[in-house]
Asker: 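Have a look at this one.
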Amino acid sequence: MLDIYKFDESILGADTPDPLRYAFPQKKSAHAGGMASPIPPDQKVEILSRLYDQQGQKSAKRCLYIHIPFCRVRCTFCNFFQNAASRKLVDDYFEALMIEIAQKAAQPWTQTGLFHAVYIGGGTPTDLSAEQVERLGKAIRRSFPLSTDCEITLEGRINRFSDEMFERSLEGGFNRYSFGIQSFNTKVRRSAKRLDDREDVMARVASLSATQQAPIIVDLLYGLPYQTEEVFEQDLNDFMATGAHGLDLYQLVVGGSAPMINMVEKGRIPAPATTAEKAAMYKIGSDFMAKHHLTQLSVNHWTRDNRERSQYNSLAKTYAEVLPIGCGAGGNIGGFGMMNHRTLESYMNAIKSGDSTVVMLTKQHFLEPLFAALKSGFDHGVVSKIALPDFNGQSSFEFLRPLFEVWQQRGLAQVEDDYLVLTLAGRFWTVSLAQAAIQVLQQTFQQTTAVESAVSL
Ligand SMILES: C[S@@+](CC[C@H](N)C(=O)[O-])C[C@H]1O[C@@H](n2cnc3c(N)ncnc32)[C@H](O)[C@@H]1O
Ligand code: SF4
């Protein structure tokens, strides 16, 4: 039995009349996750070759992630920036990437499974040349077994995304485009060092969407400096006006070395929105989508039609294996997490010397399949009993029910027989809730195994 009252508000959420704004102090990380154990470096190569030598399962959905670690300009809010793009650096990197693609494609594990979603992310993949984008698409289709309806996404921005690049990327096989817009508002964009003004961005997104060649997805942030509620509402209206097919709404979380922190400290720009202000903006966004009858695919993703499926996001953020390729790419295979070299120099050296591109290997937690199922449910706003593997020989949903009931009392969810349905507040705090459920299971598991080993001594 779960003794829920030994947990504090970081798990249960605050008892407040306004859970949307105040259930938790702030969003701590982008994604929820379980604890993993690092593999000692001397075992890395042997484990990796065992993983790549094994046979895959055609029926298990898997993804491919390829990272392009360059941007022409660093945006002030971004924690993902790695390297400033220069033609020579990008060209050399691209050739290294082609080598890694060939290496990974040659593995038995790769050829015996089926990839259902491919994502070229960054950084800014659209800072490759048009020719490179086409070559990359063709190399992927030639080298990996892809499902017939495989989603192949090119991420990037509309700056310098020419007609030639669009046509050549379609020729390469890309069938979904995800553009970071962040805000359409020119003042917000300039203060964040985004490259084009509102009218240019809107016109380009509209013309790409109007071709109906592939779903065009727009990322918007909420909480940027100068992005008031009125500006955000205009951003949402602008998205509708462009005719783009899908929308991601991300809460701004500034951390690490993002330049914005320093600019705010020096008084050069106003502070970004507080958590409570961002919660109010999430409600505005969510209400707006409902008013315009967009379909909700996850807590922060909406689609206007049934062409957009957001396969990569729903698979990779949850239970699917992900093969990572490129500098700074991360993924997981066979219960192990892997992270490729993060600096360009060490990645290029690994490719030149024929060493493994993986710099860090971890063993995922024993309960990872359960954690993944939970993350999937929280990401969709509904956790269903039947989708969760058992925990300690009993239904995980029943084990967690006391926690779910506290969340219900605190306005974060409704418990309906076999489903936990998140409220608007719960959807805003979904990562905190998923993390809390994972933490409760992890702690209980640790205590149970400690008791069992004490008894067997
Ligand atoms: C890694 S970026 C790459 C996209 C592309 N380079 C661009 O400039 O839009 C992917 C998405 O992450 C989101 N993102 C970046 N910085 C963020 C932050 N500080 N907080 C929340 N989301 C962020 C943005 O919405 C962005 O579109
Ligand atoms: S938002 Fe995109 S372009 Fe801007 S720094 Fe981050 S990854 Fe680069």
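Whatever order the structure lists them in is the order used to number ligands and atoms, beginning at 1.
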Asker: Any idea which protein heavy atom is nearest atom 10 (C) of ligand 1, and the distance to it?
Answerer: E155 OE2, 3.5 Å
Asker: Would you call the rings of F232 and Y222 parallel, tilted or perpendicular, where under 30° means parallel and over 60° means perpendicular?
Answerer: tilted
Asker: Does at least one non-hydrogen atom of G255 fall below 4.0 angstrom from an atom of ligand 1?
Answerer: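 The answer is no, since G255 has no heavy atom less than 4.0 Å from ligand 1.
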Asker: For ligand 1, note which part of F77 has a heavy atom under 4.0 Å away: side chain, backbone, both or neither.
Answerer: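 For F77, the contact with ligand 1 is made by both the backbone and the side chain.
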Asker: Q82 versus H67: any side-chain heavy-atom pair under 4.5 Å?
Answerer: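 Answer yes - side chains close enough.
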Asker: Is it the case that R62 places NZ or CZ above or below the six-membered ring of F115, under 6.0 angstrom from the centre and within 45 degrees of the axis?
Answerer: yes
Asker: Hey, which atoms in ligand 2 end up nearer than 4.0 Å to a heavy atom of T124?
Answerer: 3 (S), 8 (Fe)
Asker: At less than 4.0 angstrom from any non-hydrogen atom of R194, what atoms of ligand 2 do you find?
Answerer: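 In order of numbering, the contacting atoms are 1 (S), 4 (Fe).
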Asker: Hey, is ligand 1 close enough to G123 that some N/O pair sits below 3.5 Å?
Answerer: yes
Asker: Counting only nitrogen or oxygen atoms and a 3.5 angstrom limit, does T124 reach ligand 1?
Answerer: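 Right, the criterion is met.
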Asker: Look at the rings of F161 and F179 and say which category their plane angle falls in: under 30° parallel, 30 to 60° tilted, over 60° perpendicular.
Answerer: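 Plane angle over 60°, so perpendicular.
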Asker: Of all the non-hydrogen atoms in the protein, which one sits nearest to atom 4 (Fe) of ligand 2, and at what distance?
Answerer: C75 SG, 2.3 Å
Asker: Counting only N and O atoms by type, is there a donor-acceptor contact under 3.5 Å from the side chain of Y93 to the main-chain atoms of C327?
Answerer: yes
Asker: If you count the non-hydrogen atoms of other residues, nucleotides and ligands that lie under 6.0 Å from CZ in R160, is the total more than 12?
Answerer: no
Asker: To the nearest 0.1 Å, how far is atom 6 (Fe) of ligand 2 from its closest protein heavy atom, and which atom is that?
Answerer: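 Closest protein heavy atom to atom 6 (Fe) of ligand 2: C78 SG, 2.3 Å.
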Asker: Does the residue G123 have a heavy-atom contact with ligand 2, meaning some pair of atoms that are separated by less than 4.0 Å?
Answerer: yes
Asker: Hey, mind stepping through D92 and K88 against salt bridge (charged side-chain N to carboxylate O under 4.0 Å, His left out) and telling me if it holds?
Answerer: CA-CA 6 Å; D92 289 350; K88 166 96 177 88; 2.6 Å; yes
Asker: Tell me whether S346 contacts the main-chain N or O of H341 through its side chain, where contact means a donor paired with an acceptor under 3.5 Å.
Answerer: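 Pair absent, no side-chain N/O of S346 close to backbone of H341.
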Asker: Examine ligand 1 and decide if any of its atoms is less than 4.0 Å from a heavy atom belonging to G122.
Answerer: yes
Asker: Can an N, O or S atom be found in C71 less than 2.8 Å away from atom 8 (Fe) of ligand 2?
Answerer: yes
Asker: Ignoring angles and geometry beyond distance, decide whether V253 reaches within less than 3.5 Å of ligand 1 through its nitrogen or oxygen atoms.
Answerer: yes
Asker: Specify side chain, backbone, both or neither for L252, according to which of its non-hydrogen atoms lie closer than 4.0 Å to ligand 1.
Answerer: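 Near ligand 1, L252 shows its backbone as well as its side chain.
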Asker: Other residues, nucleotides and ligands only: do more than 12 of their heavy atoms fall within 6.0 Å of CZ on R74?
Answerer: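 Yes, enclosed.
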Asker: Hey, is R157 touching ligand 2 through its side chain, its backbone, both or neither, going by heavy atoms under 4.0 Å?
Answerer: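 Just the side chain.
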